[in-house]
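The structure appears right after this line, and notes come after that.
Numbers for residues simply follow the sequence, beginning at 1.
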Amino acid sequence: MEELCEDDGEHFPYFFLRQKSLCMMMPPGTYIKEWTFEHALLADESLVRNYAERDYPFLGRPQEMIQHSEGDIVVAVEADHAFWGVVGGLPPVYDGHEHGDWSDDQYLVWSAPGHHHHIRAHHVLRPWSFIPCFIPPLLEGIG
């Protein structure tokens with residue numbers, strides 16, 4: 001991997017498409033389904049909706065939809081910002097048993113020593129360009 005430390009001017013190549021119902025009142029922040037696209041191609045999707053989650057248990061992600069491994073450097077999206085992090089935990093893999101609700105379809109992502117986030121699986125992204133040379137030393141050994 002090329003060791004570059006300057007911004008290459010690329011733009012964020014991901015976008016999220018969220019499906020909401022027009023025929024029912026939904027609390028803020030809720031949705032029925034969400035998709036992640038990379039360069040206009042489907043990259044990932046939410047597996048269960050977060051509206052009325054008690055009616056939609058989470059059974060785990062199919063193995064082929066686990067896109068990251070522990071120790072991978074990733075870009076995590078939380079609310080309205082993105083940050084670099086290291087994967088510290090994976091979503092449960094589908095095994096036919098219930099693993100809770102929609103909130104359990106997530107990766108544990110470390111962003112600093114002693115500081116981690118639980119990020120929806122479809123909001124954990126692989127870097128779309130090079131990883132700047134100053135990022136790996138900042139993330140080394142934080143998990």
Side-chain angles (χ1 to χ4, degrees), residues 1-4 7-8 10-143:
M1 187 171 292
E2 194 172 336
E3 291 277 335
L4 297 174
D7 180 8
D8 64 2
E10 287 192 31
H11 298 281
F12 195 73
Y14 291 92
F15 68 93
F16 305 101
L17 180 64
R18 184 173 285 173
Q19 175 189 7
K20 291 187 167 195
S21 174
L22 294 177
C23 62
M24 69 174 87
M25 295 296 292
M26 295 174 70
T30 60
Y31 59 88
I32 293 175
K33 184 89 170 164
E34 190 173 59
W35 297 269
T36 303
F37 291 85
E38 179 182 10
H39 297 293
L41 299 174
L42 182 63
D44 201 357
E45 63 185 283
S46 60
L47 297 182
V48 290
R49 62 189 189 173
N50 73 346
Y51 182 72
E53 65 270 3
R54 68 185 171 279
D55 299 328
Y56 297 92
F58 178 55
L59 300 176
R61 281 197 155 239
Q63 184 64 48
E64 62 273 8
M65 289 185 72
I66 303 288
Q67 299 186 14
H68 309 286
S69 301
E70 289 189 26
D72 285 356
I73 294 177
V74 295
V75 175
V77 177
E78 189 172 55
D80 61 351
H81 67 281
F83 59 90
W84 291 98
V86 174
V87 173
L90 307 177
V93 174
Y94 176 79
D95 61 4
H97 296 96
E98 190 173 313
H99 291 280
D101 62 25
W102 68 273
S103 66
D104 296 301
D105 185 19
Q106 62 188 353
Y107 287 90
L108 183 141
V109 177
W110 292 94
S111 61
H115 191 69
H116 71 275
H117 308 260
H118 298 272
I119 306 292
R120 294 178 183 151
H122 60 287
H123 285 190
V124 177
L125 314 172
R126 60 185 172 78
W128 55 89
S129 184
F130 65 90
I131 298 172
C133 63
F134 61 89
I135 294 296
L138 292 175
L139 299 175
E140 189 173 315
I142 64 171

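Counting heavy atoms from C-beta on, the side chains of Pro91 and Asp104 never come closer than 4.5 Å. The shortest distance between side-chain heavy atoms of Leu125 and Val74 does not fall below 4.5 Å. In this structure the side chain of Asp72 never reaches within 4.5 angstrom of the side chain of Val86, judged on heavy atoms.
In this structure, Arg126 pairs ionically with Glu38, as a charged nitrogen and a carboxylate oxygen lie closer than 4.0 Å. Ionic pairing of Asp44 and Arg61 is present here: one or more N-O contacts between side-chain nitrogen and carboxylate oxygen are shorter than 4.0 angstrom.
In terms of heavy-atom proximity, His68 sits nearest to Leu90 at O-CD2, 3.4 Å. In terms of heavy atoms, Tyr107 sits closest to Val124 at CD1-CG2, 3.7 Å. Here the closest non-hydrogen pair linking Phe130 and Trp84 is O-CH2, 4.3 Å. Scanning all heavy atoms of the two residues, the minimum distance from Leu108 to Trp110 falls at CD2-NE1, 3.2 Å. Closest heavy-atom contact between Pro127 and Val75: CA-CG2, 4.4 Å. The shortest non-hydrogen separation linking Pro136 to Ile131 is CD-CG2, 3.9 Å.
Atom-to-atom distance recorded for Asp105:CG and Glu45:CD is 10.0 Å, nearest 0.5 angstrom. From Ser111, atom OG reaches atom CD1 of Ile119 across 8.5 Å, with rounding to the nearest 0.5 Å. Ile142 contributes atom CD1, which lies 4.5 Å from atom CG of Leu139 (distance to the nearest 0.5 angstrom). Here CH2 of Trp35 is found 9.0 Å from CG of Leu42. Values are rounded to the nearest 0.5 Å.
Under the 6.0 Å cut-off for aromatic ring centres, Phe83 and His117 qualify, their centroids lying closer than that.
In this view, Thr36 satisfies the side chain to side chain donor-acceptor pair (under 3.5 Å) rule with no residue, not counting sequence neighbours. Every residue meeting the side chain to side chain donor-acceptor pair (under 3.5 Å) condition with His116, not counting sequence neighbours, appears here in chain and number order: His118.
The 12-atom threshold is not exceeded at NE2 of His97, counting heavy atoms of other residues, nucleotides or ligands nearer than 6.0 Å.
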